[in-house]
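Following: one structure in structure tokens, then a few remarks.
Along the sequence shown, the residues carry numbers beginning at 1. These numbers were taken from a predicted model, which means no experiment stands behind them. Below, each value reflects all heavy atoms present in this structure, side chains not excepted, and no hydrogens, waters or symmetry copies.
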Amino acid sequence: MPSICATPASAPVRRHSRLFPLLAAAALISACARVPELEDRLTPDLRGADYPALVPLEDALQPSPPAAEESKALEDTLDARAARLQARADRLRAAQP
């Protein structure tokens, strides 16, 4: 059966296989770049400072409220905002001639 396409199906694969090493080389070269804007921002006392102490994740995170309480608080907040916006809209409608 004759092929409909003028180029073989493997042509895009060959083109990408030549492009990949170039992209990989560009990424590796850029990874070795020095970023003076970031390095020069450190003060001398920060450069000599010790690393902070590691703490367990459970101690670092605050306990979150139960989902039902959090969703109820969000619903109340949204209902209050909707009521304020509705009252403002009513005032604006009443002020227009």
Checklist entry - Can you list the other members of the hydrophobic cluster that holds L61, where links are side-chain heavy atoms under 4.5 angstrom apart? => result L57
Next on the checklist: Working to the nearest 0.5 angstrom, can you tell me the gap between L74 CG and D79 CG?
Outcome noted: 9.5 Å
Checklist outcome for this item: Across all chains, not counting sequence neighbours, the salt bridge (charged side-chain N to carboxylate O under 4.0 Å, His left out) partners of D76 are K72
Mind listing the side-chain donor-acceptor pairs of residues 80-97 below 3.5 Å, one per line with the distance, residues two or more places apart or on another chain?
from, atom 1, to, atom 2, distance (Å)
Q86, NE2, D90, OD1, 3.3
D90, OD1, R93, NH1, 3.0

